[in-house]
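Here the structure is laid out as structure tokens; the discussion comes afterwards.
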Number of protein chains: 4
Amino acid sequence: MVTTPSQEPQRAQMRRSQVLQAATRCFRLYGFHGCSMAQLAKEAGMSVGHIYHYFENKEAIIEAIVQQDLEEWLISMSRLLDSPDVFQEILDTLEEPVRETQQPDYAALQIEIIAEAARNPKVAHMVHTVHRQVRDTVAAMLIKGSRRPLSETEIDSKFELLSALFDGLMVRAIRAEKMDLDGLMAIMRPTIRFILDH
Amino acid sequence: MVTTPSQEPQRAQMRRSQVLQAATRCFRLYGFHGCSMAQLAKEAGMSVGHIYHYFENKEAIIEAIVQQDLEEWLISMSRLLDSPDVFQEILDTLEEPVRETQQPDYAALQIEIIAEAARNPKVAHMVHTVHRQVRDTVAAMLIKGSRRPLSETEIDSKFELLSALFDGLMVRAIRAEKMDLDGLMAIMRPTIRFILDH
Amino acid sequence: MVTTPSQEPQRAQMRRSQVLQAATRCFRLYGFHGCSMAQLAKEAGMSVGHIYHYFENKEAIIEAIVQQDLEEWLISMSRLLDSPDVFQEILDTLEEPVRETQQPDYAALQIEIIAEAARNPKVAHMVHTVHRQVRDTVAAMLIKGSRRPLSETEIDSKFELLSALFDGLMVRAIRAEKMDLDGLMAIMRPTIRFILDH
Amino acid sequence: MVTTPSQEPQRAQMRRSQVLQAATRCFRLYGFHGCSMAQLAKEAGMSVGHIYHYFENKEAIIEAIVQQDLEEWLISMSRLLDSPDVFQEILDTLEEPVRETQQPDYAALQIEIIAEAARNPKVAHMVHTVHRQVRDTVAAMLIKGSRRPLSETEIDSKFELLSALFDGLMVRAIRAEKMDLDGLMAIMRPTIRFILDH
DNA sequence: TATGAATGAGATTTCATTCAT
DNA sequence: CATGAATGAAATCTCATTCAT
């Protein structure tokens, strides 16, 4: 029994994501540079050599992980825009992304990506590109939802402030040992309303 | 002419901080685990072996760097508390710490520390300890400056939100390519006022 | 043509024993701690890094060498027990083990193992375990060959004395420059007979 | 106040033996090559550099330790010879040296010396020299105590066998976990009598 | 006499990557 | 497609020895 040509790339695709899933787990636990190809291979359930069939080198795995993560980001961002009352939608669905930032696993990988971007130009470029795309999406939301016209600078600054809040919560997830999320939401919600309506 | 006993540890102290200065530079550029002892020794202008006279191992250097950084943090925090009108003082001196977060060097090391804390229990403990101390300082400020009594949860939540804002700006310094600081201050200042007065 | 699964561990097994053979030679010449991994790798004809595929660290190589040596010991011990007249068998085959103790190579590795056991708890444990097993074998011989019943203490003491004689000859192989083996046998044989029959 | 010239070498002598005492302790615990000059200096209560005033290098310390140990050996040997009935004296004072061999500290250093002699020609030479001197002393005893004339070979062989017994007990002190000394003496005494009278 | 700063060589160990099978 | 043997470079760390003070 021979695999048909159409099955081939499908199988390869599966193997690739098998590696990426393992890499996500490993990188969270040990960091990009604290995780060896051997550990990764073990976690992925395949041989070290075989990983090199799917990825040129370790760098490429890191980049794929970053790419994957950034794309998920973009997708969840663009979902908001479809709603008729954007601002209300943001406030209504606020809790979920806030909760996500507080998952240590999630936060750890995000911080790892940022740390890598601070030194690795390729990763920096990927992060910047997505940052610009997210900015454009959020800008559209702010224009759509605002009751008064906003200058380019106002849009940028509101975006940065809102983004900083979320990125910052991720950092807090690591810095603080435990956080009272309900209490946080109670003050966060009006603050975001304040920024949106300002 | 004999060296006084008090001069001896002074010299050792100097050598130690010479290593720490070099380490700060190296760690900013390459990260804790991307910087080798050889690089570090070269930057510090001494032999690799000699560094081990002053630090038990690389871990100990990382911990010293983290400790140093956290202590500076604490000092600059506690300065604010002395002012008669704390909230006004915060708003008046806001720009300086915001500007600091935007220095790539500064941000890179901070993120490196957070990333390390996510995996290294010893570093995590140091970060948590300082976090609690900073929290207490800020809590005192909030109590001192507020016009109404605040519940423990309210204090904690306000603290976390304010901290998240600053930590987040640091992340933005890496994610965004450039930021219009004046525009940012224009929206940040009223937001912080809002949080303080809420 | 596909390699059968049974061939795979065989190859690994061969490489492992290739390392152990080289280690035996090196350790004899330079001692456990006087022999570097580089020397060992050269002698084994493979790269230093590759040795770490088969052994976790140098310690593990030392332990494997000790284990191997102790097992050979046990085997040659248990062979004696099968004979109908044990004591006569011991006296008849005495010369071979005595000759063995006088080979400088052999003695050097034995002493190295004892020296290691004096400091390394893991090796001490291995040595003690085998010591107890040898004791049990010899005890069986003494009981089988004696014309009168022996107390536990008598058995132990005879065993220790006989063992000491052999271990001691090994030490003499290093302390003395050369020994007249025939002369030695002439006095050793009746002494051992004396101990056995006592 | 100036030290008189006659005090100088006395003080130096003290410092030297201070180092040797520390070295004895350290070498017992870690072996010649497992003990660093830094450990040694700490144990001796002086600086690393200062040890080099009294000993050319680490080798020289090892050699001094070996020399010291061998000399003690010689002294205690020659004491026996003075007695009118040598053999009886040997049997009467047997227990003390046997007990000494069973002290783990003592045995560990002796074995360390033998192990070193197996590889280090200088140490081998020292050990051989003393071995010959001890042989001569014991030969004199055997001649003095024997009721019949002994051939050179007989003397040598008896000496080697007796020596092997003692050296072997030292090895047993490490190989065996614990030994019943009274039981051992009960069989050892007649065995030695047997060898002496043979 | 005494210190401990300083070094350079070398030890053990790790690891990304290649390659024969 | 799949393995894991194999390597070489580099990383961390140790240590005997020297030297300025």
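Naming: A, B, ... by sequence-line order, numbering from 1 per chain.
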Practice problem: Just do the side-chain hydrogen bond (donor to acceptor under 3.5 Å, both in side chains) check on Gln67(D) and Glu71(D) with the steps written out, would you? | Solution: CA-CA 6 Å; Gln67(D) 192 62 42; Glu71(D) 273 163 19; 3.2 Å; yes

Quiz item: Out of dA2(E), dA6(E), dT7(F), which nucleotide sits closest to the side chain of Tyr54(B)?
Solution: dA6(E)

Practice problem: Would you tell me whether Asn120(B) and Glu59(B) have side-chain atoms, one donor and one acceptor, within less than 3.5 Å of each other? | Solution: yes

Practice problem: Sort out the partner of dT21(E) for me: Watson-Crick or G-U wobble, both distances under 3.5 Å, none otherwise. | Solution: dA2(F)

Between the protein and nucleotides 13-16 of chain F, which nitrogen or oxygen pairs are less than 3.5 angstrom apart?
| unit_1 | atom_1 | unit_2 | atom_2 | d |
| --- | --- | --- | --- | --- |
| dC13(F) | OP2 | Tyr52(B) | OH | 2.7 |
| dC13(F) | OP2 | Lys58(B) | N | 3.0 |
| dC13(F) | O5' | Tyr52(B) | OH | 3.4 |
| dA16(F) | OP1 | Lys58(D) | NZ | 2.9 |
| dA16(F) | OP2 | Met37(D) | N | 2.6 |

Quiz item: dA2(E) phosphate, OP1 or OP2: any side-chain N/O from Arg15(D) under 4.0 angstrom?
Solution: yes

Practice problem: Both distances under 3.5 Å, Watson-Crick or G-U wobble: report the partner of dA11(E), or none. | Solution: dT12(F)

Self-check item: Lys42(D) NZ to dT3(E) P, straight-line distance once rounded to whole Å
Solution: 15 Å

Exercise. Could you check whether Phe55(B) gets within reach of a base, just the sugar-phosphate, or nothing at all, counting any heavy atom under 4.0 Å?
Key: nothing

Practice problem: Quickly work out the Met14(C) CE to dA5(F) P distance and round it to whole Å. | Solution: 13 Å

Quiz item: Would one find a side-chain N or O of Arg11(B) under 4.0 angstrom from OP1 or OP2 of dA6(E)?
Solution: yes

Quiz item: Between Ala41(C) and Ser47(C), which heavy-atom pair has the shortest distance, and what is it?
Solution: CB-C, 4.0 Å

Practice problem: Give the rounded distance in Å between these two atoms: CD1 of Ile51(A) and C1' of dT18(E). | Solution: 14 Å

Exercise. Report the relative orientation of the aromatic rings in His50(C) and Tyr54(C); use parallel for angles under 30°, tilted for 30 to 60°, perpendicular for over 60°.
Key: perpendicular

Practice problem: Please state how far atom CE in Met46(C) lies from atom C1' in dG4(F), giving the value in whole angstrom units. | Solution: 14 Å

Quiz item: Can a donor-acceptor pair be found between the side chains of Gln13(B) and Arg16(B) at a distance below 3.5 Å?
Solution: no

Exercise. Taking the side chain as every heavy atom from C-beta outward, state whether Thr24(B) and Leu109(B) have any atom pair closer than 4.5 Å.
Key: yes

